[in-house]
Amino acid sequence: MKRHDLTDGEWARLEVLLPSMRPRRGGRWADHRMVINGVFFRTRTSGPWRDLPGCYGNWKTVYNRHRRWSLDGTWARILDGLRAGCDEAEGKDWTVSADSTIARAHQHAAGARRAPAADDRAGGWIE
């Protein structure tokens, strides 16, 4: 196991949230744990998919699974499942705070169009 790979405790919590290892079509999927560790490695290093170390399996398998789960909402469901119950675990003293700071910018900072000033039209010379 590499330094940033899923621990057994993390995997036990995550495993129940994952889709079945038998997809509707085709054969059996590659091990979810190995693929997820590959996605984590690639996300952490920001390297190309093709540079994924062989210990995570075929880079194309990891890429395809990540892409498929991104498109069908699997990653969002996993995140929601991991978040469920977190508020209760913090106890009654847990609070949520929202930052209501407003930072106003000049209209030109937002890319708004402006008419050139009278002296700008002639290159600085007044006609």
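Side chains included, hydrogens not; waters and symmetry mates left out as well; all remaining heavy atoms used. In this text the structure is predicted, and so the values were computed from the model without any measurement.
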- With the 4.5 Å side-chain cut-off for hydrophobic clustering, are I36 and V16 part of the same group? yes
- Task: Could you tell me whether the side chains of S70 and R67 share a donor-acceptor contact shorter than 3.5 Å?
- Result: no
- For L52 and F41, which heavy atoms make the closest approach, and how far apart are they? CD1-CD2, 3.6 Å
- Taking atom CZ of R50 as the centre, report whether more than 12 heavy atoms of other residues, nucleotides or ligands fall under 6.0 Å from it. no
- Query: Under a 4.5 Å cut-off applied to non-hydrogen side-chain atoms, are W49 and H66 in contact?
  - Reply: yes
- Item | Spacing of I78 atom CD1 and L14 atom CG [to the nearest 0.5 Å] | 5.5 Å
- Message: Distance check, rounded to the nearest 0.5 Å: T74 atom OG1 versus L17 atom CG?
- Response: 11.0 Å
- Whether R13 side chain and L82 backbone form a donor-acceptor pair below 3.5 Å: yes
- Task: Measure from the side-chain N and O atoms of D51 to the backbone N and O of G47, and report whether any donor-acceptor pair falls under 3.5 Å.
- Result: no
- Message: Would you say V62 ends up clustered with M34 if hydrophobic residues are merged whenever their side chains have heavy atoms under 4.5 Å apart, either directly or through other cluster members?
- Response: no
- Query: Is the distance between the ring centroids of W69 and W75 under 6.0 Å?
  - Reply: yes
- Specify the closest pair of heavy atoms between D72 and R77, including all atoms of both residues, with the distance to one decimal. O-NH1, 3.3 Å
- Message: Quick check: do H32 and N37 have side-chain heavy atoms less than 4.5 Å from each other?
- Response: no
- Report yes or no: does R33 contribute a side-chain atom to a donor-acceptor pair with the main-chain N or O of D5 at less than 3.5 Å? no
- Message: Between R83 and D80, is the salt bridge (Lys or Arg N to Asp or Glu O under 4.0 Å) condition met? List the steps.
- Response: CA-CA 5 Å; R83 275 191 268 184; D80 289 343; 3.3 Å; yes
- Taking all non-hydrogen atoms of both residues into account, name the closest pair between F40 and L6 and its distance. CE1-CD2, 3.6 Å
- Message: Has E10 got a side-chain atom pairing as donor or acceptor with T7's backbone, closer than 3.5 angstrom?
- Response: yes
